[in-house]
**Q** 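Following this message is one structure expressed as structure tokens.
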Amino acid sequence: SSCKVGDDETPPWVLTARRIRLDFNTNEGLAEGAVLRFQDVPILALPVLSFPVTDDRKSGWLPPSVDLSTTNGLVVAVPYYWNIAPNYDATLTPTISLKRGAGLDSEFRYLQPRLSGEAALAWLPQDQLAGRDRWAARWDHRGQLGSDMDIDGHLLRVSDDAYWNDGLRGASNLTPRLLGSQARAQQRRSLRLGLIGPVDQWLYASAQTWQVLQSSDSSGTITAPYRRMPQVGARWAGLGSELEWSLQAEANRFEHEDPTLPRGSRAHLLGALAWRLGDGGWQLTPRLRFNAAAYDMDQALSDGRRRASRFIPTVSLDSSWTFDRPLTLFGRALTQTLEPRLLYVQTPWREQSALPNFDSAALDFNATTVFHDAAFSGVDRVADTQGVTAGLTTRFIDAGSGVELGRLGLAQRYLLRDQRITGDGVPLTQRFSDVLLLGSTSAIARWSLGSTVQYNPEISRVTRSTGTVTYSPGPFRTVHASYSFQRDASEQYALGWQWPVLGRGAPLSLPAGAAAQANTALRATGGHSGGGGAGSCEGTLYTVGRVDYSKRERRVSGALAGFEYDAGCWIGRVVAERRSTGASAATSRLMLQLELVGLSRLALGSNPLSALKDNIPGYRLLRERGSASGPSSTSVGDGGSAGP
């Protein structure tokens with residue numbers, strides 16, 4: 001055990017065996033009659049347990065996991081780690097689900113001097129609930145060709161539309177219903193072109209496709225993005241002391257799974273030339289941009305043509321100033337700035353209604369995009385604009401440390417003429433845009449506050465607003481509340497926290513290198529030694545969680561809540577999660593984890609750490625791992641493992 005206890009105390013966890021044999025030449029230890037006890041209760045017993053006796057990896061069985069959820073019931077997984085070579089390894093994980101049957105997860109990792117990657121397959125040969133085979137495949141590759149070309153690839157595919165909703169293994173993704181795959185090669189070089197001077201050049205080629213997991217509810221149907229099969233292009237950029245320029249030439253072939261949508265090819269040329277004038281106190285930047293595109297369509301456009309082209313220039317003038325003055329507030333020396341900004345943009349109208357729209361969408365109106373000289377993302381749509389955007393920001397900066405303690409700002413756009421090209425096709429005739437108001441402060445110790453408000457002067461009402469409040473008096477003590485509102489669309493409240501509720505109020509720590517003292521028998525179940533954990537086991541109980549509430553729907557749209565207990569030489573976690581998968585559907589799961597510091601994390605259920613880090617702002621691990629994980633120059637990952 002790695003726990004330090006008194007003479008009359010029993011270690012909270014201990015690994016015992018009748019006989020232990022150590023062979024440092026083969027990096028193998030054999031424990032006969034091995035028993036792992038927690039609080040004097042046997043939780044793992046094997047007649048023969050094999051474990052590494054050095055920091056090198058070793059093939060063998062890893063700690064089992066038990067998952068409990070409403071969609072899959074009880075799922076038991078027992079991974080086997082295979083140390084193939086110093087730069088190759090694999091993990092094979094047989095699984096059994098009481099609801100769905102037996103399956104197999106596999107992962108292979110490779111590492112070479114100029115390339116690396118992972119490939120994984122989750123296979124459920126006969127889903128007892130769905131009555132068919134289910135699978136998820138993933139591949140990630142990174143590499144270099146020569147000294148200046150990068151290549152990478154990403155693949156993610158699943159067997160059917162319901163895979164995300166059923167919570168099956170192997171398909172974790174930030175957008176669970178939109179699975180993207182891409183292969184890309186890019187070369188970057190620095191050139192010197194005579195009078196032009198230094199130029200950065202990018203040459204690239206890629207192919208991109210999507211799998212959309214549709215819902216059985218027609219209201220939840222998603223329109224898939226276009227596939228780029230292929231995309232080939234080049235970009236050049238020059239940066240001088242005052243003159244900046246860029247040029248991009250690109251060709252795309254657009255395909256779509258929906259036969260009713262237009263398909264075809266597009267070649268476009270984007271250019272920009274800017275002249276930056278001024279110093280730290282003021283800046284004036286005239287800019288000229290152009291967007292040229294030519295189309296070759298498989299079907300005739302609405303005007304009967306199959307080939308079309310257009311050229312649209314944009315002229316803008318961006319100016320900004322910075323004024324500052326010393327200020328004393330509440331006995332504190334500050335510097336207050338006043339930063340006005342004025343942007344003029346003019347883009348002529350060009351007929352675009354008959355042209356296809358492969359990749360453009362109207363930009364959201366917010367504090368960042370209000371000073372853009374374009375109203376659309378992508379290439380296919382360019383808004384006709386003649387307008388002025390004005391903004392004013394003031395900041396309060398601590399005169400001694402230079403830390404920004406707060407800021408206030410507002411911005412508004414004024415159109416000099418109607419905008420005919422819009423995202424919804426309805427001309428924009430409102431001369432004055434919504435007013436954007438924003439503010440943030442961290443001047444109050446332990447508190448940080450931020451808010452944005454979008455106010456419509458024509459209807460005299462707020463159309464959108466957000467607000468956040470964070471209270472964090474110290475490590476592992478955070479409460480975060482947020483509010484978001486969009487008129488006629490949504491109104492959401494969220495509350496997240498990590499807070500000690502019982503005990504000393506801070507996690508225990510272990511002096512550097514202490515865990516290494518137990519790195520022989522203590523690695524018998526395959527985990528790394530922890531970064532801490534010695535000392536007495538008077539612990540701290542933390543509560544963690546997040547709740548999202550939709551006022552418009554009058555329901556909790558998502559919830560995560562649980563407890564963490566840091567006892568010094570072991571950590572326990574119990575976390576429950578409920579996730580909405582539709583207007584009236586949700587899935588629930590229970591996650592438990594027992595971490596024996598210095599030995600392993602035994603995940604009894606889905607590992608809750610990723611869920612806590614992804615959902616709770618400011619969440620911190622109670623204890624970082626003591627050893628590095630993942631590929632290195634000589635190995636492919638965690639692999640220190642054991643097997644009978």
**Q** Of all residues at least two apart in sequence or in a different chain, which pass the side chain to side chain contact (heavy atoms under 4.5 Å, CB included) check with S302?
**A**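 Result, side chain to side chain contact (heavy atoms under 4.5 Å, CB included) vs S302: A354.
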
**Q** Could you go step by step and tell me if L243 and L273 meet the side chain to side chain contact (heavy atoms under 4.5 Å, CB included) rule?
**A** CA-CA 7 Å; L243 198 65; L273 179 64; 3.8 Å; yes

**Q** I'd like to know if the side chain of S557 pairs up with that of D548 as donor and acceptor (distance under 3.5 Å, no hydrogens or angles considered).
**A**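 Not at all, the side chains of S557 and D548 share no donor-acceptor pair under 3.5 Å.
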
**Q** In plain terms, say whether R138 and E107 are close enough for a salt bridge, that is, a side-chain N and a carboxylate O under 4.0 Å apart.
**A**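 E107 and R138: salt-bridged.
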
**Q** Is there side-chain contact between Y483 and E491, with heavy atoms separated by less than 4.5 Å?
**A**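 Y483 vs E491: side chains touch.
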
**Q** I need the minimum non-hydrogen distance between A611 and R589, along with the two atoms involved.
**A**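 Here A611 and R589 meet closest at CB-NH2, 4.2 Å.
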
**Q** With sequence neighbours left out, write down each residue that passes side chain to side chain contact (heavy atoms under 4.5 Å, CB included) with Q454, or none if nothing qualifies.
**A**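 Side chain to side chain contact (heavy atoms under 4.5 Å, CB included) check on Q454 returns F365, D434, L436, T463, R464.
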
**Q** Whether the Q208 and Y226 side chains hold a donor-acceptor pair (N or O, under 3.5 Å, no angle test) is what I'd like checked.
**A**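 There is no such pair (donor and acceptor under 3.5 Å, judged by atom type) between the side chains of Q208 and Y226.
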
**Q** For the backbone of R554 and the side chain of S550, can you confirm whether one donor and one acceptor N or O come within less than 3.5 Å of each other?
**A**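 Not a single qualifying donor-acceptor pair exists.
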
**Q** Assess whether a salt bridge exists between R109 and E118, defined as any Lys/Arg side-chain N lying under 4.0 Å from an Asp/Glu carboxylate O.
**A**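 E118 and R109: not salt-bridged.
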
**Q** Within the side chain of S246, is there an N or O that forms a donor-acceptor pair under 3.5 Å with the backbone of A237?
**A**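 Between the backbone of A237 and the side chain of S246 there is no qualifying donor-acceptor contact (under 3.5 Å).
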
**Q** So which atom in L129 and which in T71 form the shortest heavy-atom distance, rounded to 0.1 Å?
**A**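 Distance-wise, the nearest heavy atoms are CD1-O, 4.0 Å.
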
**Q** When the side chains of residues 147-159 are checked against the rest of the protein, which donor-acceptor pairs come out under 3.5 Å, sequence neighbours left out?
**A**
from : atom 1 : to   : atom 2 : distance (Å)
D148 : OD2    : R189 : NE     : 2.7
D150 : OD1    : Q144 : NE2    : 3.4
D152 : OD2    : R184 : NE     : 3.1
D152 : OD2    : R184 : NH2    : 2.4
H154 : ND1    : D140 : OD1    : 2.5
R157 : NH1    : S181 : OG     : 3.3
S159 : OG     : W135 : N      : 3.2

**Q** Test side chain to side chain contact (heavy atoms under 4.5 Å, CB included) on K99 and Q128; report intermediate values, then the result.
**A** CA-CA 7 Å; K99 284 189 176 183; Q128 296 175 358; over 6 Å; no

**Q** For the residue pair Q346 / Y344, report whether a side-chain donor-acceptor contact shorter than 3.5 Å exists.
**A**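 Yes.
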
**Q** Indicate whether any N or O donor in one side chain lies under 3.5 Å from an N or O acceptor in the other, for R228 and N252.
**A**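 Indeed, the side chains of R228 and N252 share at least one donor-acceptor pair under 3.5 Å.
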
**Q** For T314, is there any backbone N or O sitting under 3.5 Å from a side-chain donor or acceptor partner on T347?
**A**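 No, T347 side chain to T314 backbone: no donor-acceptor pair under 3.5 Å.
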
**Q** Distance alone, cut at 3.5 Å: any donor-acceptor contact between the side chains of Q492 and S490?
**A**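 Short answer, no.
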
**Q** For L178 and P225, which heavy atoms make the closest approach, and how far apart are they?
**A**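 Of all heavy-atom pairs spanning L178 and P225, the closest is CD1-CD, 3.7 Å.
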
**Q** Can you confirm whether W123 is buried at CH2, in the sense that more than 12 heavy atoms of other residues, nucleotides or ligands lie under 6.0 Å from that atom?
**A**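 No, not enclosed.
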
**Q** Quick one: do D359 and R266 make a salt bridge, cutoff under 4.0 Å?
**A**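 Looking at R266 together with D359, the answer is yes, because their closest N to O distance falls below 4.0 Å.
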
**Q** Just so I know, are the side chains of H256 and R227 near enough to count as touching, which here means a heavy-atom distance under 4.5 Å?
**A**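 No, their side chains stay 4.5 Å or more apart.
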
**Q** Please name the pair of heavy atoms, one in Y455 and one in S460, separated by the smallest distance, quoted to 0.1 Å.
**A**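 Closest approach of Y455 to S460, heavy atoms only: OH-CA, 3.1 Å.
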
**Q** So, do K551 and Y493 sit near enough that their side-chain heavy atoms are less than 4.5 Å apart?
**A**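 Sidechains of Y493 and K551: in contact.
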
**Q** Could you report the tightest heavy-atom contact between A383 and Q419, atom names first, then the distance?
**A**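 Looks like CB-NE2, 3.5 Å.
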
**Q** For T466 and T452, does a side-chain donor sit closer than 3.5 Å to a side-chain acceptor?
**A**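 Side chains of T466 and T452: pair found under 3.5 Å.
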
**Q** Got a sec, which residues hit side chain to side chain contact (heavy atoms under 4.5 Å, CB included) with T389, two or more places apart in sequence or on another chain?
**A**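 In terms of side chain to side chain contact (heavy atoms under 4.5 Å, CB included), with neighbours along the sequence ignored, T389 is linked to L343, V370, F371, R413.
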
**Q** Is D418 paired with R420 through a side-chain N to carboxylate O contact shorter than 4.0 Å?
**A**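 Salt bridge between R420 and D418, a charged N being under 4.0 Å from a carboxylate O: no.
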
**Q** Identify each donor-acceptor pair in which a side-chain atom of residues 282-294 lies under 3.5 Å from a protein atom, sequence neighbours left out, and give them as a table.
**A**
from : atom 1 : to   : atom 2 : distance (Å)
N291 : OD1    : R310 : NH1    : 2.7
N291 : OD1    : R310 : NH2    : 3.3
N291 : ND2    : V379 : O      : 3.3

**Q** How close do D380 and S360 get, counting heavy atoms only, and between which atoms?
**A**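 Distance-wise, the nearest heavy atoms are N-OG, 2.9 Å.
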
**Q** Would you mind listing every salt bridge (charged side-chain N to carboxylate O under 4.0 Å, His left out) that reaches into residues 160-174, with sequence neighbours excluded?
**A**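 For residues 160-174, and leaving out neighbouring residues, the salt bridge (charged side-chain N to carboxylate O under 4.0 Å, His left out) pairs sorted by first residue read R100-D166, D105-R169, R132-D160, R134-D160, R134-D166.
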
**Q** Could you check if a side-chain atom of R235 sits within less than 4.5 angstrom of a side-chain atom of L270, using non-hydrogen atoms only?
**A**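 Of all side-chain heavy-atom pairs linking L270 with R235, none is under 4.5 Å.
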
**Q** Of the options R579, E577, R578, which is the one that meets L560 in a side-chain contact (heavy atoms from CB on, under 4.5 Å)?
**A**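 With L560 as partner, side-chain contact (heavy atoms from CB on, under 4.5 Å) holds for just one option, E577.
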
**Q** Given Y204, which partner from the list E250, R188, Q187 fulfils the side-chain hydrogen bond (donor to acceptor under 3.5 Å, both in side chains) test?
**A**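 Exactly one pass, corresponding to E250.
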
